[in-house]
Amino acid sequence: MNDWQRKSPLDWEMYVNKLVKVNAIEKHEYEGWVLTVDPVSASIVLATFLEDETVSISVVMGHAVQEIEILQEGDDEMKQRLSCIFAPEESKAYSPEELEKRKNDLKTWLETNHIPVTEQGESGRTLCVAGVLTIDPPYGPEECSSSNEIILSRVQGLIQGYLEKQQ
């Protein structure tokens, strides 16, 4: 086990969102922004931004790390860029007002179509359909949850159709 692998997750966390140069076995060198370090294998996930605005991801296996040097601290803009790398394209941030409107519009539409729906939770953010299915913000088909697969599939289809008509 090398020195890098002996470090704790708190030690590795200090490298996240920083530009680093990693020296690995067999004289390999890697440079990139640290996205994360795997706490089990000590492997480092690096992101490199290419000229055409695409991102290259590389993983340096923990057992291969010999030395790591911090080249640059990440500013707030870089931290934001890094945090969005693995976010799905359609996941955009909604303001609390937009979420409330989406919830109310969906609830009204479900009630109009004679589907029993209630609000759940302390703040009423979760919609509950017929007591067997929940819909969490931002109220799309992916946010539906139910142990009954038939109901889950049908309600997801209804919501998908509803959202397509909204666009």
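Just so you know, these numbers use all the heavy atoms, side chains as well, and skip hydrogens, waters and symmetry mates. What you see is a predicted model, and the numbers here were worked out from it, not measured in a lab. Numbers here simply count residues along the sequence, with the first being 1.
At distances below 3.5 Å, not a single donor-acceptor pair connects side-chain atoms of S145 with backbone N or O atoms of T134. Side chain of N2 to main chain of G62: a donor-acceptor pair is present (N/O by atom type, distance under 3.5 Å, no hydrogens or angles). Side-chain atoms of D105 do not come within 3.5 Å of backbone N or O of R102 as any donor-acceptor pair. Under the 3.5 Å distance criterion, the side-chain polar atoms of K103 are matched with a main-chain donor or acceptor of G124. Side chain of S83 to main chain of Q80: a donor-acceptor pair is present (N/O by atom type, distance under 3.5 Å, no hydrogens or angles).
Atom CZ of R125 and atom CD of Q120 lie 13.5 Å apart (nearest 0.5 Å). Atoms CG and OH, on L110 and Y139 in that order, are 12.0 Å from each other to the nearest 0.5 Å. In this structure, OG1 on T108 lies 6.0 Å from CG on N104, to the nearest 0.5 angstrom. In this structure, the separation between OG1 on T112 and NZ on K107 is 11.5 Å, given to the nearest 0.5 Å. Rounding to the nearest 0.5 Å gives a distance of 9.5 Å between OH of Y30 and CG of L46.
Closest of all the heavy-atom pairs between C128 and G131 is SG-CA, 3.5 Å. Considering every non-hydrogen atom in both A24 and Q66, the closest pair reads O-OE1, 3.5 Å. Counting all heavy atoms, side chain and backbone alike, G140 lies closest to E143 at N-OE1, 2.8 Å. Here the shortest heavy-atom pairing between N113 and W109 reads ND2-O, 2.8 Å. When all heavy atoms of C144 and I135 are compared, the pair lying nearest together is SG-CG1, 3.9 Å. When every heavy atom of L163 is checked against every heavy atom of P141, the shortest pair comes out as CD1-CD, 3.6 Å.
Under the 4.5 Å side-chain heavy-atom criterion for Ile, Leu, Val, Met, Phe, Trp and Tyr, V132 and V117 are members of the same hydrophobic cluster. L35 and M61 end up in the same hydrophobic cluster when Ile, Leu, Val, Met, Phe, Trp and Tyr side chains are linked at under 4.5 Å. By the rule that hydrophobic residues join a cluster once side-chain heavy atoms approach within less than 4.5 Å of another member, V55 and I44 end up as members of separate clusters. Cluster membership check: M78 shares its hydrophobic cluster with L71, using side-chain heavy-atom separations under 4.5 Å among Ile, Leu, Val, Met, Phe, Trp and Tyr. Each of I68 and V45 belongs to its own hydrophobic cluster when Ile, Leu, Val, Met, Phe, Trp and Tyr are linked at side-chain heavy-atom distances under 4.5 angstrom.
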Trace of the side-chain contact (heavy atoms from CB on, under 4.5 Å) decision for I57 with I85: CA-CA 10 Å; I57 301 293; I85 289 177; 4.1 Å; yes
Test log, rule side-chain contact (heavy atoms from CB on, under 4.5 Å), inputs E31 and T48: CA-CA 8 Å; E31 197 172 298; T48 308; over 6 Å; no
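The ring-ring contact (aromatic ring centres under 6.0 Å, His included) pairs that include a residue from residues 112-137 number zero, where partners must be two or more places apart or lie in different chains.
Just one residue in the list V60, I25, D3, V37 forms a side chain to side chain contact (heavy atoms under 4.5 Å, CB included) with V65, and that residue is V60.
In this model, no donor atom of one side chain and acceptor atom of the other lie less than 3.5 Å apart for Q160 and Q156. In this model, a donor atom of one side chain and an acceptor atom of the other lie less than 3.5 Å apart for D52 and T54.
For the side chain to side chain contact (heavy atoms under 4.5 Å, CB included) test, residues two or more places apart in sequence or in another chain that qualify with E73 are K18, I70.
Ion pairing between a basic and an acidic side chain is recognised when a charged N comes within 4.0 Å of a carboxylate O; R81 and E53 show such pairing.
Atom CD of E119 is surrounded by more than 12 heavy atoms from other residues, nucleotides or ligands within 6.0 Å. Shown here is L50, whose CG atom has more than 12 heavy atoms of other residues, nucleotides or ligands within 6.0 Å. Shown here is E77, whose CD atom has no more than 12 heavy atoms of other residues, nucleotides or ligands within 6.0 Å. Within 6.0 Å of CD in E149 there are 12 or fewer heavy atoms belonging to other residues, nucleotides or ligands.
Side-chain contact between E98 and K101 is absent, with no heavy atoms from C-beta onward closer than 4.5 Å. Using a 4.5 Å heavy-atom cutoff, the side chains of L152 and L133 are in contact. Residues V59 and D38 are not in side-chain contact: their nearest non-hydrogen atoms beyond the backbone lie 4.5 Å or more apart. Put simply, the side chain of I115 reaches to within 4.5 Å of the side chain of L158, judged on heavy atoms.
Using a 30° and 60° split on the angle between ring planes, W12 and W4 fall in the tilted class, from 30° to 60°.
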